[in-house]
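Worksheet: one structure, shown below.
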Amino acid sequence: MQAEIDPAEPRKANRRGRRKGTAKEHPATNLMIGAFLLIVGIVFGVIDLGDAREDHRLMADGVRTQGVVTEVDFERMRKRSMRKVISVAYDVESGRTHSTSYSERYRRKKEGSTSDVYWEMVGSKVPLFYDPAHPGKAVVEGDERSFSGASLRGGGAVLMSTMFLVPAIRGFRKKRKAAASESTPAAAEEAATSSGT
């Protein structure tokens with residue numbers, strides 16, 4: 001004989017299973033994760049904005065010169081995406097040679113094979129700006145970091161932190177309310193007992 005199953009029971013189990021893993025059940029854990037993401041976002045944001053500011057300073061106050069592409073490497077970013085890492089050598093006013101690098105997305109359909117791109121780019125000239133006080137610091141024209149782009153990484157981490165901080169704050173508030181509601185009847189009972197004596 002087959003036992004009858006209450007159709008409501010599986011639903012209850014599923015609901016409990018879902019609730020057990022939700023963020024609201026673990027406010028302390030969410031608070032730690034959210035605080036970590038917030039700190040990481042602020043640190044990355046400050047670093048990226050500082051790099052963007054340095055690039056724009058070089059573009060405004062640096063010495064403009066022509067660099068020569070000496071090497072092109074291809075790095076895989078994702079399964080179907082690659083980028084070109086381009087090394088550039090440049091001479092400064094003192095006569096010394098320095099080098100820098102920048103990256104671009106590689107589009108095979110538009111640019112051809114990696115071999116074609118390599119031999120086409122090596123030896124070509126690119127304009128760049130370097131710091132006369134620190135000639136090793138340089139930025140290739142057109143590759144300078146923008147302030148809006150620099151804020152994306154830090155801003156994304158800060159935004160993600162709110163997904164943990166908001167449930168954490170709500171969870172702590174619920175716990176505080178629950179603790180207050182549990183303590184109220186006990187306090188009333190104790191007061192009634194003491195008044196009766």
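Under a 4.5 Å side-chain heavy-atom cut-off, the cluster of Ile, Leu, Val, Met, Phe, Trp and Tyr residues that includes Met32 has no other member. Applying the 4.5 Å side-chain rule to ILVMFWY residues, one finds Val63, Val69, Val72, Phe74, Ile86, Val88, Tyr90, Val92, Tyr102, Tyr106, Val117, Tyr118, Trp119, Met121, Val122, Val126, Leu128, Tyr130, Val140 in the same cluster as Met82. Apart from Leu159 itself, the hydrophobic cluster it occupies contains nothing, where clustering links Ile, Leu, Val, Met, Phe, Trp and Tyr at side-chain heavy-atom distances under 4.5 Å. The hydrophobic cluster containing Val68, built from Ile/Leu/Val/Met/Phe/Trp/Tyr side-chain heavy atoms closer than 4.5 Å, comprises no other residue.
Applying the salt bridge (charged side-chain N to carboxylate O under 4.0 Å, His left out) test to Lys84 and every residue at least two apart in sequence or in another chain returns Glu104, Glu111. Annotation: salt bridge (charged side-chain N to carboxylate O under 4.0 Å, His left out) contacts of Arg108 (sequence neighbours excluded): none. Among residues two or more places apart in sequence or in another chain, the side-chain hydrogen bond (donor to acceptor under 3.5 Å, both in side chains) test is passed with Ser94 by none. Listed by chain and number, the residues in a side-chain hydrogen bond (donor to acceptor under 3.5 Å, both in side chains) with Glu120 amount to none (sequence neighbours excluded). In this structure, the side-chain contact (heavy atoms from CB on, under 4.5 Å) partners of Asp131, at least two apart in sequence or on a different chain, are Arg57, Leu58, Ala133, His134, Lys137. For Asp73, there are no side-chain hydrogen bond (donor to acceptor under 3.5 Å, both in side chains) partners two or more places apart in sequence or in a different chain. When the side-chain hydrogen bond (donor to acceptor under 3.5 Å, both in side chains) test is applied to Ser101, no partner is found at least two apart in sequence or on another chain. For Glu141, the salt bridge (charged side-chain N to carboxylate O under 4.0 Å, His left out) test picks out Arg64, with sequence neighbours left out.
Taking all atoms of both residues into account, the shortest heavy-atom contact from Ser161 to Gly34 is CB-O, 3.2 Å. Contact between Ala138 and Thr100 at its shortest, heavy atoms only, is O-OG1, 3.9 Å.
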Does the pair Arg76 and Ser81 meet the rule for a side-chain contact (heavy atoms from CB on, under 4.5 Å), with working shown? CA-CA 6 Å; Arg76 188 168 296 280; Ser81 178; over 6 Å; no
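Between Glu75 atom CD and Arg83 atom CZ the span is 4.5 Å, to the nearest 0.5 Å. The distance from the CZ atom of Phe129 to the CG atom of Asp61 is 10.5 Å, given to the nearest 0.5 Å.
In the hydrophobic clustering of ILVMFWY residues, with side-chain heavy atoms under 4.5 Å counting as a link, Val166 and Leu31 come out apart.
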